[in-house]
Protein chains: 2
Amino acid sequence: MSKRHEHRSRSRLSDVAERAGVSAVTVSRAIRHPEMVTPKLRKRIDKAIHELAYVPNRAASMLASSRTRLIGVVVSSLTNGVFADFLRALHDLFLPEGFHVMVLDSRYVPGEEETAIATLLGQHPEAMIVSSIDQTPRARQLLKRSGIPVVQTMELAKSPIDINIGLSHEAAGYAATRYLIELGHRRIGVIGAPRDSRLHNRIAGYERAMREAGLDMTGLAGRSSNPSSVVLGGELMRGLVERCADLEAVFCCNDDLALGALFECHRLGISVPERISLIGFNDLEYAACAYPSLTSVLTPRYEMGRKTAEIVLEIIRGSGKRPPRRRIDIGFKIMERESTRRRDIRPPVRTARNARQSEQV
Amino acid sequence: MSKRHEHRSRSRLSDVAERAGVSAVTVSRAIRHPEMVTPKLRKRIDKAIHELAYVPNRAASMLASSRTRLIGVVVSSLTNGVFADFLRALHDLFLPEGFHVMVLDSRYVPGEEETAIATLLGQHPEAMIVSSIDQTPRARQLLKRSGIPVVQTMELAKSPIDINIGLSHEAAGYAATRYLIELGHRRIGVIGAPRDSRLHNRIAGYERAMREAGLDMTGLAGRSSNPSSVVLGGELMRGLVERCADLEAVFCCNDDLALGALFECHRLGISVPERISLIGFNDLEYAACAYPSLTSVLTPRYEMGRKTAEIVLEIIRGSGKRPPRRRIDIGFKIMERESTRRRDIRPPVRTARNARQSEQV
DNA sequence: AAGTTCATTGACAGCGCTTTCATTCCTCTA
DNA sequence: TAGAGGAATGAAAGCGCTGTCAATGAACTT
């Protein structure tokens with residue numbers, strides 16, 4: 001017995017070995033590669049493990065194998081429903097494989113993201129998953145140098161650090177706006193918090209669609225540098241309505257903002273979609289059952305988490321070999337619901353080349 | 001150099017020691033107890049650490065010191081906004097102290113909670129924080145035997161495993177219902193998913209208040225064994241309205257349910273609060289800006305996380321000594337908003353002995 | 001000037017596990 | 001029945017760090 005810890009409550013590998021009448025190595029193998037041990041021995045060992053309530057010491061195994069079996073994850077927010085689905089997928093896929101997921105949030109602040117990345121890297125994870133693409137130069141460098149698989153998610157990057165799985169928020173913003181334009185709207189506003197690069201890109205998509213359609217955008221943008229929230233959605237909506245009397249539709253850069261905007265419309269006595277059409281983004285749970293139900297751009301978040309985990313696992317198992325495609329577009333889908341409606345009173349606006357026919361009358 | 005890993009990229013303590021011209025122990029001390037090392041040496045060591053980009057190997061230090069500096073946390077759901085605030089507080093307090101927080105979610109399933117607890121315990125955390133009080137017998141045993149500080153949170157327990165910080169959901173449910181009764185309502189319904197013990201207790205509080213006031217409850221409970229969601233809130237509300245034509249008020253066991261119920265009322269053309277008063281629970285962000293804004297029972301979640309972390313830190317520093325009070329009631333507060341209104345038409349109901357006077361006319 | 005005290009620093013022995021390689025024990029073939 | 005070949009098991013040597021205790025040296029006392 002050790003001099004240092006006179007009372008050792010936890011049993012060790014060697015205790016199990018002694019009880020089962022085998023060597024420690026055999027017990028270690030019986031745990032990690034059961035097929036390498038005779039069924040008879042395995043049974044004896046399992047019994048001993050159970051009787052002693054043996055739990056392996058991860059620190060020791062990490063040290064000996066230089067495998068931490070840790071996956072570092074940085075999300076922008078723990079509060080946001082968007083990341084919950086993503087994290088659930090990661091847990092679902094990694095835990096059964098014996099990996100642990102360490103999650104830190106950056107609260108949408110690049111500096112905090114850098115800190116979080118450095119902190120996680122200090123644990124020597126076997127892979128890093130970050131839920132953004134706009135790392136600080138130092139964070140990028142840290143990730144690149146780490147030598148482990150790095151996945152940037154949620155968003156498509158021009159020059160990924162390593163692997164990139166996401167969707168084009170610019171394209172999604174463009175599509176959402178096109179959808180409103182094709183519904184016959186011309187005075188289309190946007191509300192968002194462009195401090196977050198994803199929202200920034202959605203707004204850029206909106207602007208491209210508006211420009212292409214030759215529509216005026218002056219006074220139609222409600223921006224804030226505060227983080228998105230339901231309250232903020234209401235405030236930006238009110239501002240927009242006050243500035244622009246003939247507003248016909250609003251692209252809300254995420255569902256929280258859309259929810260706030262919807263409530264504000266109720267409050268102001270503006271009927272949705274009769275007077276103003278509203279489209280949200282992400283398609284969170286409440287979008288489908290709001291009143292009126294919210295049209296929203298669905299982003300496949302669980303799917304994104306799943307794909308991320310699968311690729312990471314593949315790389316780790318394949319001793320570092322990267323898959324052929326390093327950049328995966330997971331896409332998006334517009335979920336049409338009650339909050340948007342065709343506007344027939346005005347003459348149709350000119351249609352973009354790639355405009356699809358709307359089925360609605 | 002090792003035979004096992006011919007290419008060792010990460011530098012070790014001894015590399016730093018060599019570069020700084022001191023022994024490894026001194027470097028170790030310079031990192032952990034800088035005050036024990038001469039300023040001059042400390043400077044030389046810091047320089048070497050920086051030059052070699054040295055990052056301590058946590059596995060080795062855990063093994064040698066038998067201190068993992070890990071805090072295990074089990075929450076019921078990662079999706080629920082309630083836990084987001086709580087987790088944020090834990091991160092805020094633990095990270096600066098050099099502890100890492102490992103979070104797992106049980107998805108409101110007792111079996112999964114047991115698994116999560118076992119998994120986390122396998123990491124040998126220095127404390128465990130669980131966001132419920134109704135552990136399975138085996139989970140209780142595991143926690144008790146672990147010998148580390150265990151905090152059960154969110155809810156007040158009759159017989160805590162160790163430390164307990166929370167609030168009485170029965171009392172809160174009672175208070176919410178009393179509030180409605182004092183507003184003059186008599187036909188008061190409740191909607192909830194009692195599979196979750198907290199919702200179960202809130203409903204129990206509702207029942208006590210109703211019983212005490214001599215009010216009939218038949219047909220007034222909308223229950224589901226599915227997890228709470230906005231959609232479910234709508235469904236339960238519809239069921240309640242169909243069953244009970246003279247419904248006057250509804251206690252929604254959480255804000256998601258309340259949001260769904262509110263939307264459903266809009267959909268059915270039932271005006272809130274003119275025809276039906278609605279009260280939610282937790283006071284999530286959107287409650288205050290809904291239309292009409294939602295009266296809700298505020299639960300101090302960040303505060304609960306802060307208190308939890310402070311006590312854990314204190315116990316760990318004080319080498320296991322428990323504080324005098326092992327059970328802390330963090331309380332709750334009713335946030336009165338637009339979704340509830342006094343009902344003057346009917347004669348007042350009889351008042352409970354301990355009923356507080358309502359300030360409203 | 002010699003002894004005492006205290007603050008720094010270093011040597012050494014593990015922490016509990018895995019890796020490597022050697023050994024033993026089978027089973028099968030000729 | 002001997003030998004080859006392969007599967008199962010074990011012995012030994014660390015993984016990188018920290019706890020313990022001994023050694024060193026400087027500052028102080030008498």
Side-chain angles (χ1 to χ4, degrees), chain A residues 1-45 48-49 52-69 98 122-124 319, chain B residues 1-45 48-49 52-69 98 122-124 319:
Chain A
M1 175 150 303
S2 153
K3 297 176 248 170
R4 282 149 80 174
H5 320 105
E6 55 269 22
H7 62 291
R8 226 202 44 253
S9 52
R10 289 170 53 187
S11 42
R12 293 161 308 177
L13 205 56
S14 57
D15 298 328
V16 177
E18 197 181 340
R19 189 171 191 107
V22 295
S23 74
V25 216
T26 307
V27 177
S28 173
R29 266 195 289 256
I31 293 170
R32 288 173 305 140
H33 310 288
E35 76 285 357
M36 291 178 74
V37 173
T38 337
K40 193 184 139 196
L41 266 193
R42 210 189 311 160
K43 213 169 164 185
R44 254 182 28 223
I45 293 171
I49 288 176
L52 295 172
Y54 170 70
V55 179
N57 182 322
R58 264 178 81 95
S61 103
M62 281 182 197
L63 182 57
S65 66
S66 58
R67 299 257 279 131
T68 58
R69 302 201 142 262
Q123 308 287 316
H124 302 286
S319 55
Chain B
M1 173 148 307
S2 152
K3 295 176 248 167
R4 280 151 78 176
H5 320 103
E6 56 269 21
H7 63 290
R8 227 201 44 254
S9 53
R10 291 169 53 187
S11 43
R12 292 162 307 177
L13 203 58
S14 58
D15 298 329
V16 177
E18 196 182 341
R19 189 171 191 109
V22 296
S23 75
V25 218
T26 307
V27 178
S28 174
R29 266 195 290 259
I31 293 171
R32 288 174 304 144
H33 309 287
E35 75 284 358
M36 292 177 72
V37 173
T38 336
K40 191 183 140 198
L41 264 194
R42 208 188 315 161
K43 212 168 164 185
R44 248 177 35 218
I45 292 171
I49 287 176
L52 294 172
Y54 170 71
V55 180
N57 181 324
R58 265 178 80 96
S61 110
M62 283 182 196
L63 183 58
S65 67
S66 58
R67 298 258 280 132
T68 59
R69 302 201 142 263
Q123 309 287 317
H124 302 285
S319 53

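Computed from a predicted structure; not experimentally measured. Every chain is numbered from 1 and lettered A, B, ... according to where its sequence line falls, protein lines coming before strand lines.
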Query raised in the report: Is the phosphate of D:dC17, meaning OP1 or OP2, less than 4.0 Å from a side-chain N or O of B:Tyr54?
Result: yes

Query raised in the report: Any donor and acceptor pair, going by atom type alone, linking the side chain of B:Ser65 with main-chain N or O of B:Ser61 inside 3.5 Å?
Result: yes

Report task. Assign each of A:Val37 and B:Val55 to its nearest nucleotide of DNA chain D by heavy atoms, then name whichever residue's nucleotide is nearer the 5' end. Result -> A:Val37

Query raised in the report: Nearest heavy-atom pair of B:Leu63 and A:Leu63: which atoms, and what distance?
Result: CD2-CD2, 3.3 Å

Query raised in the report: In whole angstroms, how far is the C1' atom of C:dT18 from the CZ atom of A:Arg67?
Result: 12 Å

Query raised in the report: For the atom pair CZ (B:Arg67) and NE2 (B:His124), what is the distance rounded to the nearest 0.5 Å?
Result: 15.0 Å

Result block: side-chain N/O donor-acceptor pairs under 3.5 angstrom for residues 37-44 of chain A, not counting sequence neighbours:
from    : atom 1 : to      : atom 2 : distance (Å)
A:Arg42 : NE     : A:Pro34 : O      : 3.1
A:Arg42 : NH2    : A:Val37 : O      : 3.2
A:Arg44 : NE     : A:Ala20 : O      : 3.0
A:Arg44 : NH2    : A:Ala20 : O      : 2.9

Report summary line: Smallest heavy-atom separation, A:Thr68 atom then A:Gln123 atom, equals CG2-O, 3.7 Å

Requested in this report: When you get a sec, tell me which of D:dT9, C:dT9, C:dG16 is the closest nucleotide to the side chain of B:Leu63?
Outcome: C:dG16

Query raised in the report: Taking the side chain of B:Ser65 as heavy atoms from C-beta outward, which of D:dG19, D:dC17, C:dT8 is closest to it?
Result: D:dG19

Requested in this report: Write down the distance between CE (A:Met62) and P (D:dG14), rounded to a whole number of angstrom.
Outcome: 23 Å

Requested in this report: Specify the separation, in whole Å, of atom CG of B:Asn57 and atom C1' of D:dG16.
Outcome: 6 Å

Query raised in the report: Could you give the CG-to-P distance, from B:Leu41 to C:dT9, as a whole number of Å?
Result: 5 Å

Report summary line: Angle separating the five-pair end axes of the helix from C:dA1-D:dT30 to C:dA30-D:dT1, nearest 10°, is 40°

Query raised in the report: Choosing from D:dG10, C:dG10, D:dC17, which nucleotide comes nearest the side chain of A:Val22?
Result: D:dG10

Query raised in the report: Between atom CG in B:Leu13 and atom P in C:dA11, what is the gap in whole Å?
Result: 14 Å

Query - Phosphate OP1/OP2 of C:dT18: any A:Arg32 side-chain N/O under 4.0 Å - result: yes

Requested in this report: Hey, could you give me the CZ/OG distance between B:Arg29 and B:Ser23, rounded to the nearest 0.5 Å?
Outcome: 7.0 Å

Query raised in the report: Among residues 23-30 of chain B, which residues get a heavy atom nearer than 4.0 Å to DNA chain D?
Result: B:Val25, B:Ser28

Report summary line: Here the distance between atom P of D:dG25 and atom NZ of B:Lys40, to the nearest Å, is 14 Å

Query - Rounded distance in Å - CD (A:Gln123) to P (D:dG16) - result: 17 Å

Requested in this report: Send over the distance from A:Asp15 CG to C:dC15 P, rounded to a whole Å.
Outcome: 12 Å

